[in-house]
Number of protein chains: 2
Amino acid sequence: MDEKRIAAIFKAFCDENRIRIIKLLRSGEKCACKLLEEINVTQPTLSHHMKILCDAEIVVGRKEGKWTHYSISEKGVEQAKECLRQLTTLDVESENKPCCEK
Amino acid sequence: MDEKRIAAIFKAFCDENRIRIIKLLRSGEKCACKLLEEINVTQPTLSHHMKILCDAEIVVGRKEGKWTHYSISEKGVEQAKECLRQLTTLDVESENKPCCEK
DNA sequence: ACGACATATAGAAAAATGTCAATGTATTTT
DNA sequence: AAAATACATTGACATTTTTCTATATGTCGT
């Protein structure tokens with residue numbers, strides 16, 4: 001995966017309000033109006049955050065009439081975890097010449 | 001952990017250059033001058049990114065004479081993984097009233 | 001002690017992000 | 001059909017982040 005996409009995925013988790021939204025969704029699917037009651041932003045701001053979360057595929061939206069129900073995407077979360085794993089797993093294969101020795 | 005700290009941890013992973021730096025460190029400890037050769041920023045900008053990575057505890061710096069050797073912190077990475085797990089694990093306990101029903 | 005080197009810090013400019021008010025688009029309710 | 005509701009989009013503004021140049025700090029070699 002390219003750096004830009006990886007960055008987009010983790011951007012989901014680097015705003016305080018988005019973290020609050022994710023925490024709220026742990027208890028299950030919620031519609032935007034419910035989320036709006038719980039976090040202290042205006043409706044357009046919430047909508048903006050939901051877009052970022054959905055683009056990162058951490059959250060999915062399900063439209064039903066005039067409501068949109070959001071929930072955590074198990075698939076997206078797995079991808080984020082896998083991404084974090086790949087990024088941070090040491091590569092023992094590549095021999096690493098010590099650098100900047102005296 | 002509070003939202004601010006969680007955000008700080010994941011900020012490590014939401015800049016393209018920092019992701020490149022982390023990828024470089026997978027092959028083992030590297031000094032700043034080596035990293036500088038590989039990513040396309042000035043020395044102060046690299047220094048700035050290293051500070052963010054170290055503050056997030058994803059990377060640790062080891063000073064040795066005039067050099068600073070950076071490496072991925074296994075401990076910090078584990079904490080990030082655990083954090084991601086906790087954030088995204090569904091809470092089956094809390095019953096979730098369906099909201100916004102017709 | 002002096003010059004060269006490695007890195008950090010300060011300050012400013014540029015770019016990206018978060019926020020809100022106003023407005024648009026569906027859909028539902030009356 | 002009109003009003004109300006739920007959500008998205010637009011555009012403006014403020015804040016934060018990224019980046020640079022210039023400079024400071026600390027260490028090494030001579």
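From a predicted model like this one, the values you see are computed outputs, not experimental measurements. Here is the naming used below: chain letters follow the sequence lines, and residue numbers restart at 1 for every chain. Side chains are part of it too, since the values below use all heavy atoms of this structure and drop only hydrogens, waters and symmetry mates.
- When the C1' atom of dT7(C) is taken as reference, atom CG of L46(B) falls 9 Å away, rounded to whole Å.
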Report each atom pair, protein N/O against N/O of nucleotides 24-27 of chain D, whose distance is under 3.5 angstrom.
none

Kindly indicate, with the supporting measurements, whether the criterion salt bridge (charged side-chain N to carboxylate O under 4.0 Å, His left out) is fulfilled by R85(A) and E82(A). CA-CA 5 Å; R85(A) 204 186 61 70; E82(A) 174 60 17; 3.0 Å; yes

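- The distance between atom CZ of R62(B) and atom P of dA8(C), rounded to the nearest whole Å, is 14 Å.
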Would you tabulate the pairs of protein nitrogen or oxygen atoms and nucleotide nitrogen or oxygen atoms of nucleotides 17-20 of chain C closer than 3.5 angstrom?
| residue | atom | partner | partner atom | Å |
| --- | --- | --- | --- | --- |
| dT17(C) | OP1 | K11(A) | NZ | 2.7 |
| dG18(C) | OP1 | R18(A) | NH1 | 3.2 |
| dG18(C) | OP1 | R18(A) | NH2 | 3.0 |
| dG18(C) | OP2 | R18(A) | NH1 | 3.4 |
| dT19(C) | OP1 | N17(A) | ND2 | 3.0 |
| dT19(C) | OP2 | H49(A) | NE2 | 2.4 |
| dC20(C) | OP2 | T42(A) | N | 3.0 |
| dC20(C) | OP2 | T42(A) | OG1 | 3.0 |
| dC20(C) | OP2 | T45(A) | OG1 | 2.8 |

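- Using a 4.5 Å heavy-atom cutoff, the side chains of M50(B) and V59(B) are in contact.
- Computed from coordinates, the H69(B) NE2 to dA6(C) C1' distance equals 11 Å when rounded to whole Å.
- Backbone-only engagement by T68(A) is indicated by non-hydrogen atom pairs under 4.0 Å involving sugar-phosphate atoms exclusively.
- Atom CD1 in I19(B) sits roughly 15 Å away from atom C1' in dT18(D) (whole-Å rounding).
- No side-chain donor-acceptor contact under 3.5 Å links R26(A) to the backbone of S94(B).
- Using a 4.0 Å cut-off between charged nitrogen and carboxylate oxygen, E38(A) and K30(A) do not count as a salt-bridge pair.
- At least one donor-acceptor pair closer than 3.5 Å links the side chain of T88(B) to the backbone N or O of L84(B).
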Could you walk me through whether E78(A) and K81(A) satisfy the salt bridge (charged side-chain N to carboxylate O under 4.0 Å, His left out) test, starting with their C-alpha distance in whole Å, then the side-chain angles of each, then the deciding distance to 0.1 Å, before giving a yes or no? CA-CA 5 Å; E78(A) 279 314 307; K81(A) 285 179 179 171; 3.7 Å; yes

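- The separation between L36(A) atom CG and dC7(D) atom C1' is 10 Å, rounded to whole Å.
- Across the protein-nucleic acid pair, D55(A) atom CG and dA8(D) atom C1' stand 13 Å apart, rounded to whole Å.
- Under the 3.5 Å distance criterion, the side-chain polar atoms of R20(A) are left unmatched by any main-chain donor or acceptor of N40(A).
- Across all non-hydrogen atoms, the minimal contact from A56(A) to A12(A) is CB-CB, 3.9 Å.
- For the pair R18(A) (side chain) and K11(A) (backbone), a donor-acceptor distance under 3.5 Å is present.
- Atoms CE (M50(A)) and C1' (dT9(D)) sit 16 Å apart, rounded to a whole Å.
- Residue L35(B) contributes atom CG, which lies 9 Å from atom P of dT7(C) at whole-angstrom precision.
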